[in-house]
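Report on the structure given below.
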Amino acid sequence: MNEIEEKNQRIKELSALITKYQKSYYDGEGEISDADFDKLWDELKLLDPTNPILQKVGADSGNFPKAAHVMPMGSQEKAANPEQFLAWAEKHVYEDYLVEYKLDGASLELQYENGHLIKAVTRGDGAIGDDITQNAKKMKGVISTIYKNDEIVPFTGGIRGEVIMTHQVHKEHFSDKANCRNAANGLMKRKDGTGSEYLTLITYDALSTNEKSFFKTEQEKIRWLKDCGFNVVKLVICKSPERVIAYRAKVMEERKSLEYDIDGLVVKESIINHEDAARNRPDRQIAFKFSLEEAVSVLREVEWSRSGGTYTPVAIFDEVELNGTKVQRASLANPDTMRKLGVKIGSHVVIVKRGEIIPKIEGVVPITKDSSNTAVLSEIPYPCVCETCGTTLIDEGSRLFCPNKNCDKRILHQLMKYQKVVDIRDLGKTLIAQLFEAKKVRSITDLYKLTEEDLIPFFLNDDSIANEKKSLGAEKVYNSIQSHRKMGLSVFLAGFDIDNFAETSAEKLVNAGYNSLEKILTMKEEDIASVYSFAEITAHTIAEGLAENAEEMQKLVDDGIIQIENPSEGLLTGKSFCFTGELNTMKRSDAEKMVKENGGTTKSSVTKDLSYLVTNDNSSGSSKNVKAAKLGIPVIDEMQFLALFK
């Protein structure tokens with residue numbers, strides 16, 4: 001099956017799944033979570049943006065007569081995270097952003113003639129739904145005749161709302177149902193109407209159809225609905241997209257105390273735009289959803305994790321659940337990030353875990369007059385001196401580090417990094433630590449000076465040594481080290497444990513024409529920045545690391561201890577690969593090694609110039625799979641990957 005056939009097959013699968021899950025959702029027995037449904041929807045949108053499935057909503061049961069809507073009840077555009085919302089907001093600049101709760105229930109339209117209720121119609125397919133008027137009249141918040149100031153309001157048109165079940169009702173009467181939304185969907189469509197009295201309608205939209213004007217803006221519309229006696233959705237006004245994001249973080253924390261479920265916010269402009277509202281998917285408003293990959297918690301302390309000479313802040317907070325996983329720790333990246341966030345001990349923080357990214361702190365919930373955030377805040381203490389050598393630490397903003405090249409912690413970390421990058425498998429971390437403690441190895445150069453005799457005491461006891469027994473372990477390690485004298489330039493450079501200078505980064509330098517050690521070591525910061533398009537800080541860190549290790553690098557090559565191999569021509573020359581998920585027949589490191597030995601390159605992420613994404617689960621909703629689909633990058637499995645070498 002070629003790429004086009006595979007793509008078409010996947011589109012068919014997604015269309016069938018979405019249709020199936022939409023039906024179960026609108027029939028009140030949702031089979032999968034909203035987050036999982038959104039992943040399927042997003043994948044289909046990437047693969048086939050004009051697919052007719054994307055223009056449809058649900059379908060109701062056949063238990064009731066059908067009725068047409070007064071106002072369209074299509075689906076909304078959605079943003080799953082702040083980045084997607086900001087991308088939408090760039091194209092939709094409003095003086096005021098009106099923000100409402102996105103109610104997690106079942107849509108219902110009340111149709112009136114001169115203030116009297118004549119029909120209550122479910123969402124259905126967006127144009128026609130089920131007429132459940134008799135059931136609706138039993139619900140709290142459904143008004144049979146609209147009064148204002150003791151007079152009938154001559155309103156003709158439609159009023160739209162969401163039928164919800166409160167948490168208390170669910171707990172007391174319908175705990176057998178999976179959630180409030182499913183229970184509400186099921187009850188409102190019962191043929192005999194029993195149970196509808198437990199439901200509540202909350203309104204958020206209205207449309208007059210007889211040319212009588214009752215409101216001119218979205219704010220006035222909500223006020224009018226409230227004055228007429230309807231339950232209305234909560235509405236706030238934000239002056240910028242950034243304030244919308246901050247408000248969302250606040251609501252994420254507060255929603256657990258609400259009496260009903262919400263699954264996001266609806267963001268719109270103040271102007272009532274009938275033309276946009278008539279579309280299947282209105283463009284001038286968006287559903288800014290909450291995600292299973294986000295949560296709010298309270299920061300309790302910050303630990304400083306040490307990797308070599310670099311100190312990285314790690315947040316410890318009250319346990320939360322992200323996408324089915326309990327989480328209590330997340331990265332704060334570096335001092336600059338902490339200062340930019342304004343985070344303190346006691347802050348209410350937003351934790352995210354998207355795709356395959358480890359948890360991190362994305363923001364701080366702002367404290368407002370009506371905020372539930374009343375914690376006592378205190379400053380986060382920063383370490384000042386290296387715990388190993390006592391040297392004063394340097395805070396460059398983007399990193400907090402020990403500048404002492406001879407710090408034992410830094411040397412040991414570099415040795416272990418070199419072993420991992422160069423892939424000297426028989427030289428394990430435990431043995432490296434023992435050799436370091438015994439002062440046998442203090443540099444990468446020392447590794448290659450080791451003899452079998454140096455290694456024997458680490459494998460045999462004194463009696464065995466006295467009896468001149470041979471150590472197979474010592475011989476194996478010695479041979480393993482000596483067999484790793486030849487390597488590519490990018491591997492050699494990455495082995496020296498320079499911050500922000502992994503093998504893939506080094507490959508970019510080499511591919512840009514800096515293909516010898518001499519050229520690398522004479523690069524200036526601006527040269528590095530121009531190749532990577534990185535900020536000056538990153539270029540400075542790499543240039544500083546190269547300068548610090550230049551003498552040993554040059555001597556290893558000049559003395560013939562290390563031989564730098566030129567990139568070889570092979571089966572995969574000019575091709576790049578990214579691996580995700582588990583492989584069945586080999587380790588990922590072995591697969592990456594095969595690529596490099598055959599002239600190809602590997603990447604840690606999906607980029608537009610990637611040749612192949614290799615995964616055994618091409619149907620997953622991982623960030624790499626989604627991005628590959630978006631960029632049109634071929635996705636192959638392990639067997640197809642191995643076939644490239646035949």
Between [atom1] of [X] and [atom2] of [Y], what distance do you get to the nearest 0.5 Å?
{"X": "Glu536", "Y": "Ile528", "atom1": "CD", "atom2": "CD1", "answer": "12.0 Å"}
{"X": "Glu254", "Y": "Lys250", "atom1": "CD", "atom2": "NZ", "answer": "3.5 Å"}
{"X": "Leu493", "Y": "Ile498", "atom1": "CG", "atom2": "CD1", "answer": "7.0 Å"}
{"X": "Ile432", "Y": "Lys417", "atom1": "CD1", "atom2": "NZ", "answer": "13.0 Å"}
{"X": "Thr445", "Y": "Ile562", "atom1": "OG1", "atom2": "CD1", "answer": "8.5 Å"}
{"X": "Ile633", "Y": "Thr607", "atom1": "CD1", "atom2": "OG1", "answer": "6.0 Å"}

Would you say the side chain of [Y] lies within less than 4.5 Å of the side chain of [X], judging by non-hydrogen atoms?
{"X": "Cys386", "Y": "Asn404", "result": "no"}
{"X": "Leu556", "Y": "Glu552", "result": "yes"}
{"X": "Leu400", "Y": "Asn334", "result": "no"}
{"X": "Leu583", "Y": "Asp590", "result": "no"}
{"X": "Thr580", "Y": "Leu613", "result": "yes"}
{"X": "Asp336", "Y": "Lys340", "result": "no"}
{"X": "Leu332", "Y": "Trp304", "result": "no"}
{"X": "Phe317", "Y": "Val327", "result": "yes"}

Exam field: side chain [X] to backbone [Y], donor-acceptor pair closer than 3.5 Å:
{"X": "Tyr418", "Y": "Asp497", "result": "no"}
{"X": "Lys624", "Y": "Ser604", "result": "yes"}
{"X": "Asn500", "Y": "Ile542", "result": "no"}
{"X": "Gln419", "Y": "Ile424", "result": "yes"}
{"X": "Asp408", "Y": "Thr388", "result": "no"}
{"X": "Asn625", "Y": "Asp617", "result": "yes"}
{"X": "Lys627", "Y": "Val606", "result": "yes"}
{"X": "Arg425", "Y": "Leu427", "result": "no"}
{"X": "Glu525", "Y": "Ala543", "result": "no"}
{"X": "Glu638", "Y": "Asn584", "result": "yes"}

Answer yes if the side chains of [X] and [Y] hold a donor-acceptor pair under 3.5 Å, and no otherwise.
{"X": "Asn549", "Y": "Gln414", "answer": "yes"}
{"X": "Thr310", "Y": "Asp499", "answer": "yes"}
{"X": "Gln554", "Y": "Asp558", "answer": "yes"}

Identify the two heavy atoms, one from [X] and one from [Y], that lie closest to each other, and give their separation to 0.1 Å.
{"X": "Lys519", "Y": "Asn515", "result": "NZ-OD1, 3.2 Å"}
{"X": "Leu415", "Y": "Phe436", "result": "CD1-CD1, 4.0 Å"}
{"X": "Lys409", "Y": "Gly308", "result": "CG-O, 3.5 Å"}
{"X": "Gly560", "Y": "Arg485", "result": "O-NH1, 4.4 Å"}
{"X": "Cys389", "Y": "Cys402", "result": "SG-SG, 3.6 Å"}
{"X": "Cys238", "Y": "Tyr247", "result": "SG-CB, 4.2 Å"}

Quick check: are there more than 12 heavy atoms from other residues, nucleotides or ligands sitting under 6.0 Å from [atom1] of [X]?
{"X": "Gln482", "atom1": "CD", "result": "yes"}
{"X": "Lys524", "atom1": "NZ", "result": "no"}
{"X": "Glu582", "atom1": "CD", "result": "no"}
{"X": "Lys476", "atom1": "NZ", "result": "no"}

Evaluate Glu507 against Lys596 for side chain to side chain contact (heavy atoms under 4.5 Å, CB included), listing each step before the verdict. CA-CA 11 Å; Glu507 281 177 355; Lys596 293 168 187 175; 4.0 Å; yes
I'd like to know if [X] pairs up with [Y] as an ion pair, taking the criterion as any Lys NZ or Arg NE/NH1/NH2 lying under 4.0 Å from an Asp or Glu carboxylate oxygen.
{"X": "Arg300", "Y": "Asp318", "result": "yes"}
{"X": "Asp395", "Y": "Arg339", "result": "yes"}
{"X": "Glu362", "Y": "Arg248", "result": "no"}
{"X": "Asp609", "Y": "Lys603", "result": "yes"}
{"X": "Lys555", "Y": "Glu551", "result": "no"}

Begin from the C-alpha positions of Leu299 and Ile380 and carry the test side chain to side chain contact (heavy atoms under 4.5 Å, CB included) through to its verdict. CA-CA 10 Å; Leu299 180 65; Ile380 296 171; 4.2 Å; yes
According to the interplanar angle, ranging from 0 to 90°, do the rings of Phe641 and Phe579 count as parallel (below 30°), tilted (30 to 60°) or perpendicular (above 60°)?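 Rings of Phe641 and Phe579: perpendicular, over 60°.
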Plane angle bin for Tyr612 and Phe577 - parallel if under 30°, tilted between 30 and 60°, otherwise perpendicular: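 Judged by the thresholds at 30° and 60°, the geometry between Phe577 and Tyr612 is parallel.
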Under the criterion side chain to side chain contact (heavy atoms under 4.5 Å, CB included), I'd like the reasoning laid out for Met594 against Leu642: C-alpha separation, chi angles, the key distance, then a yes or no. CA-CA 10 Å; Met594 287 175 64; Leu642 293 174; 4.1 Å; yes
Can Phe501 and Leu546 be said to form a side chain to side chain contact (heavy atoms under 4.5 Å, CB included), step by step? CA-CA 10 Å; Phe501 203 47; Leu546 288 170; 4.0 Å; yes
